[in-house]
Amino acid sequence: MTQKLAQTQYPVHDFIQSRWSPRAFADRSVEQDKLLSLLEAARWAPSSYNHQPWSFIVATKDDSTEYNRLLSTLVEFNQGWAKNAPVLILAVAKILTDDGKTNRHAFHDVGLALENLILQATSLGLFAHQIAGFNVDTAREIYQIPEDYEPTTVVTVGYPGDPQSLPDGLRDRELAPRVRKPLKEFVFTGQWGHTSALLKD
């Protein structure tokens, strides 16, 4: 198993420090109780007005027909590595409230639900990788998703695999250290771009 612990400036929870997004997955199924645990974690995410605007379409390799249908929504590059993950999840946001108003927090709230899912996965020895590269129109057509819902991302879930199984370019990315912007670049006080006094020496 490849560990890529975040080199944090300040202490964070172990699950946050050890969470990352691999592309190499082991040839091992995710147990049903663990998969349900991930979805339960997502269910308890916070959301604006408690609208809970998330829905999930789940496909596992136990049902090859459904798995291949969801896999087919990914762009070719992502299909190349995602096909090894035992679980695919299409996350969908309800972008209108029940009274027909635009819910501008819908994508934010789906992101919160997915973060719950991903951290729960990390706690169980699983890893997840969110994929932006998929065809929204194909997903909408295949699953007959209503117009007031928007497919947002596909998530791969599984146990970590051997990075050596990946082609050269992806293998290098798999093994590269995790990097993030320093806090001083995005934590402000007083006005935009003014670094918070919390971060000044």
Side-chain angles (χ1 to χ4, degrees), residues 1-6 12-48 50-74 78-79 81-95 103 105-134 136 139 142-143 145 149-163 165-166 174 178:
M1 171 180 166
T2 302
Q3 281 201 337
K4 295 176 67 168
L5 296 179
V12 298
H13 195 286
D14 291 347
F15 297 156
I16 296 172
Q17 189 175 29
S18 59
R19 182 225 61 82
W20 64 287
S21 303
R23 288 186 174 87
F25 288 94
D27 184 16
R28 176 182 172 187
S29 297
V30 173
E31 298 85 346
Q32 181 176 326
D33 61 331
K34 290 187 177 181
L35 182 54
L36 290 172
S37 180
L38 269 57
L39 296 167
E40 182 71 9
R43 184 167 82 99
W44 286 99
S47 62
S48 177
N50 199 27
H51 282 315
Q52 305 168 52
W54 48 75
S55 294
F56 303 106
I57 297 173
V58 182
T60 71
K61 284 195 171 183
D62 294 334
D63 185 334
S64 60
T65 299
E66 287 304 317
Y67 184 91
N68 288 328
R69 282 215 307 162
L70 187 42
L71 185 68
S72 74
T73 68
L74 302 183
N78 287 326
Q79 286 186 32
W81 62 266
K83 65 185 179 184
N84 296 315
V87 179
L88 301 175
I89 301 173
L90 173 62
V92 181
K94 187 176 190 294
I95 57 176
N103 180 1
H105 301 288
F107 294 111
H108 168 270
D109 293 345
V110 171
L112 289 173
L114 288 176
E115 183 70 356
N116 267 21
L117 183 153
I118 289 166
L119 290 178
Q120 183 68 19
T122 304
S123 77
L124 297 173
L126 296 162
F127 285 82
H129 188 125
Q130 295 180 80
I131 300 171
F134 75 103
V136 171
I142 286 177
Y143 294 109
I145 296 170
Y149 289 79
E150 184 73 14
T152 62
T153 190
V154 175
V155 183
T156 57
V157 179
Y159 289 97
D162 183 0
S165 66
L166 297 170
E174 194 86 348
R178 294 165 59 195

> Under the side-chain hydrogen bond (donor to acceptor under 3.5 Å, both in side chains) definition, can you give me all pairs with a residue in residues 107-116, not counting sequence neighbours?
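Sorted pair list comes back empty.
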> Taking Thr156 for the side chain and Ala128 for the main chain, is one N or O donor matched with an acceptor at less than 3.5 Å?
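Not at all, since once roles are kept as given, no pair shorter than 3.5 Å links the two residues.
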> Just wondering, are more than 12 heavy atoms of other shown residues or ligands nearer than 6.0 Å to NZ in Lys83?
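Open: at most 12 neighbouring heavy atoms sit under 6.0 Å from NZ of Lys83.
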> Are Leu117 and Ile89 packed together at the side-chain level, in the sense that at least one heavy-atom pair is separated by less than 4.5 angstrom?
yes
> For the pair Gln79 (side chain) and Leu74 (backbone), establish whether a donor and an acceptor sit closer than 3.5 Å, ignoring hydrogens and angles.
yes
> Please walk me through it: do Ile95 and Asn103 pass side chain to side chain contact (heavy atoms under 4.5 Å, CB included)?
CA-CA 5 Å; Ile95 57 176; Asn103 180 1; 5.9 Å; no
> When you compare the side chain of Phe25 with that of Val30, does any pair of heavy atoms fall below 4.5 Å?
no
> For residues Trp54 and Val92, determine if any side-chain heavy atom of one lies less than 4.5 Å from a side-chain heavy atom of the other.
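No, side chains not in contact.
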> Which pair of non-hydrogen atoms, one from Ser48 and one from His105, has the smallest distance, and what is that distance?
OG-CD2, 3.6 Å
> Taking the side chain as every heavy atom from C-beta outward, state whether Val58 and Leu39 have any pair of such atoms under 4.5 Å apart.
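Yes. Closest side-chain heavy atoms under 4.5 Å.
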> Determine, step by step, whether Leu126 and Leu38 satisfy the side chain to side chain contact (heavy atoms under 4.5 Å, CB included) criterion, reporting the C-alpha distance in whole Å, the side-chain angles of both residues, the deciding distance to 0.1 Å, and the verdict.
CA-CA 10 Å; Leu126 296 162; Leu38 269 57; 4.1 Å; yes
> Would you say that Glu174 contacts Trp20 through its side chain, given a criterion of any heavy-atom pair below 4.5 Å between the two side chains?
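Yes. Closest side-chain heavy atoms under 4.5 Å.
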> Compare all side-chain heavy atoms of Phe134 with those of Asn78 and state whether any distance is below 4.5 angstrom.
no
> Check Gln130 against Val155 and note the closest heavy-atom contact, atom names and distance.
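Closest approach of Gln130 to Val155, heavy atoms only: CG-CG2, 3.9 Å.
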> Would you list the pairs meeting side-chain hydrogen bond (donor to acceptor under 3.5 Å, both in side chains) in which at least one residue belongs to residues 117-126, sequence neighbours left out?
Ser37-Gln120
> What are the two closest non-hydrogen atoms of Tyr67 and Pro86, and how far apart are they?
CE1-O, 3.9 Å
> Side chains of Arg19 and Ser21: any donor to acceptor distance under 3.5 Å?
yes
> Could you tell me whether the side chain of Glu31 reaches within less than 4.5 Å of the side chain of Leu124, counting heavy atoms only?
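Leu124 vs Glu31: side chains apart.
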> Looking at Asp27, I'd like to know if its CG atom is crowded, meaning that more than 12 non-hydrogen atoms belonging to other residues, nucleotides or ligands lie closer than 6.0 Å.
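Count not over threshold, so no.
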> Is Lys94 close to His51 at the side-chain level, that is, under 4.5 Å between some pair of heavy atoms?
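The answer is no, as the side chains (C-beta and beyond) never meet within the 4.5 Å cut-off.
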